[in-house]
Protein chains: 2
Amino acid sequence: MRILIVEDEQKTADYLSRGLGESGYAVEVVRDGYDAQHYIEEYEFDLIILDVMLPGLDGWQLLQMVRQRSQVPVLFLTARDAVEYRVKGLELGADDYLVKPFSFVELLARVRTLLRRSPPREREHFRVADLAMDVLRRRVTRQGERLALTNKEFALLELFLDREGEVLSRTYIASRVWQMNFDSDTNVVEVAVRRLRAKVDDPFPTKLIHTERGMGYVLEDRS
Amino acid sequence: MRILIVEDEQKTADYLSRGLGESGYAVEVVRDGYDAQHYIEEYEFDLIILDVMLPGLDGWQLLQMVRQRSQVPVLFLTARDAVEYRVKGLELGADDYLVKPFSFVELLARVRTLLRRSPPREREHFRVADLAMDVLRRRVTRQGERLALTNKEFALLELFLDREGEVLSRTYIASRVWQMNFDSDTNVVEVAVRRLRAKVDDPFPTKLIHTERGMGYVLEDRS
DNA sequence: CTTCTACTATCAGGATACGCATACAGTCAC
DNA sequence: GTGACTGTATGCGTATCCTGATAGTAGAAG
């Protein structure tokens, strides 16, 4: 779970970053509004913790910007206890707020609540060339024709699609699809790729899964 | 949008009830834990506002009860500002809390946030191919012929219909129909599906419940 | 151009996990 | 107690997947 912390006070930022890091979240910290804007536009987060008072763009502006483009939960930090501040944040689309100072336990509880409510935004649909995958319906088609994939084949293809155009090492593939540390004395990945190709690529003129010798495999439209 | 207020202090209850009523919500007020329990079991609400200190069952117990059966958002009211109280509520599955005294504007803001986030209301009627379900009347028919389903069968079929076309994992089904974490090695889900099929699919030519090996089950018209 | 080598592809049993059917047992209402 | 409902236990057939051996290939070195 990736969390973005937008906070200019060094002390608070460290406190948050360390605590959340130890609790198993991947944390990114930025110190002003412009950096925040950049990160929000460039990367995906599962939760944003936002201080109201910031150099550069302030919390309200950032919040509006975030809401323009996504539903990611936002937790507001405010030094003021004044009701109208909190209300303003909530009206603008924040999901929760905390008044400083706060205890870490409480923050963690709220973070968990927010994350529990917004399950990891896995993609539900992919499309590359004439290949389409509907994850929820577990349906894969090429040229409109339905392909019958097994469990492993599906998982593998989903990984490829999720990382379209990236070269995936065998080790990485093994860790994602088999949850194992790739001991290298097995060729499961090769065999799995073979079987996947047999259904996805072999019967069709344009191939999508390519071997990068010495590196791994890519899924990509090279037509 | 229907809101249930569980609050024993007459003054606060009136205050909330009037204010929310004027804001366009359908409000129901109950004054003790047992009444609350009854209402929660009997009716559907889009939001529950829950005072912690109550005669009869207290807020925690109610909250746990609610969470057994639904995902409806719960806003907690507490007179205490102590952190551990709020944390306890959030950990138990509350979605938000307010510390008394609070301003009405703030309450309203939070109510709106929770409702905006709350999932679409449950459907009352389904139809797939020649299968029809009337949820309120607990009536299921196929080819116009009435099927006698047990509680579990009904709940399972309702879940399938609500997610028509999606492949549901056993784990997911178990969590929704049995409220259990499906880590033990039981085969309840399989048996339940078998029994449901015996009534819904077996006697008819076109099957609606399909097995996706390694993944779970789908309800879908594939004729 | 040939040869060598490291890497990749392919194939065929056999082990395994999975889903299904069936029987049995506990629980609850009447 | 009887009967309906629901969870548990077990054996079977089979789709699926891994193992391990063998064949094939690309790229570098001579």
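As the structure is a prediction and not an experimental result, all values here were calculated from the model. Letters A, B, ... are given to chains in the order of the sequence lines, protein chains preceding strands, and every chain is numbered from 1.
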**Q** Could you tell me which non-hydrogen atom of V177(B) sits nearest to which non-hydrogen atom of K152(B), and how far apart they are?
**A**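 V177(B) and K152(B) have their closest heavy atoms at O-CE, 3.8 Å.
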**Q** Test: salt bridge (Lys or Arg N to Asp or Glu O under 4.0 Å). Region: residues 203-215 of chain A. Which pairs qualify, not counting sequence neighbours?
**A**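 As it turns out, the salt bridge (Lys or Arg N to Asp or Glu O under 4.0 Å) pairs with a partner in residues 203-215 of chain A, which skip direct neighbours, are E212(A)-R222(A).
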**Q** Below 4.0 Å from chain B heavy atoms, what is the first contacting nucleotide of DNA chain D and what is the last?
**A**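 From 5' to 3', the first and last contacting nucleotides are dC5(D) to dT16(D).
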**Q** What is the distance, to the nearest angstrom, from the CG atom on D202(B) to the C1' atom on dC20(C)?
**A**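 One finds 12 Å between C1' of dC20(C) and CG of D202(B), rounded.
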**Q** Applying salt bridge (charged side-chain N to carboxylate O under 4.0 Å, His left out), run through D95(B) and R110(B) and close with a yes or a no.
**A** CA-CA 10 Å; D95(B) 294 278; R110(B) 288 176 168 269; over 6 Å; no
**Q** In this structure, how many angstroms lie between the C1' atom of dA23(C) and the CZ atom of R195(B), rounded?
**A**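 It is 11 Å, rounded to the nearest whole Å.
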**Q** Dump every N/O contact between nucleotides 3-13 of chain C and the protein below 3.5 Å, one line per pair.
**A**
from    : atom 1 : to      : atom 2 : distance (Å)
dA6(C)  : N3     : R213(A) : NH2    : 3.3
dT8(C)  : OP1    : R170(A) : NH2    : 3.2
dT8(C)  : OP1    : G214(A) : N      : 2.6
dT8(C)  : OP2    : R170(A) : NH2    : 3.2
dT8(C)  : O5'    : R170(A) : NH2    : 3.2
dA9(C)  : OP1    : R197(A) : NH1    : 3.0
dA9(C)  : OP1    : T211(A) : OG1    : 2.6
dA9(C)  : OP2    : Y217(A) : OH     : 2.5
dT10(C) : OP2    : R194(A) : NE     : 3.0
dT10(C) : O5'    : R194(A) : NE     : 3.4
dT10(C) : O4     : N187(A) : ND2    : 3.0

**Q** Using 0.5 Å steps for rounding, measure from the CD1 atom of I40(A) to the CG atom of L50(A).
**A**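 If I round to the nearest 0.5 Å, the distance is 6.5 Å.
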**Q** Heavy-atom count check: over 12 atoms from other residues, nucleotides or ligands less than 6.0 Å from R138(B) CZ?
**A**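 Yes - once you tally the heavy atoms of other residues, nucleotides and ligands closer than 6.0 Å, there are more than 12.
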**Q** Nearest 0.5 angstrom please: F126(A) CZ to D162(A) CG, how far?
**A**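 Going from the CZ atom of F126(A) to the CG atom of D162(A) covers 4.5 Å.
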**Q** Answer yes or no: is there a donor N or O on one side and an acceptor on the other, between the side chain of D8(B) and the main chain of L54(B), under 3.5 Å?
**A**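 Flag not set: sc D8(B) to bb L54(B) has no pair under 3.5 Å.
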**Q** Roughly how far, to the nearest 0.5 Å, is CG of L4(B) from OH of Y39(B)?
**A**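 One finds 8.5 Å between OH of Y39(B) and CG of L4(B).
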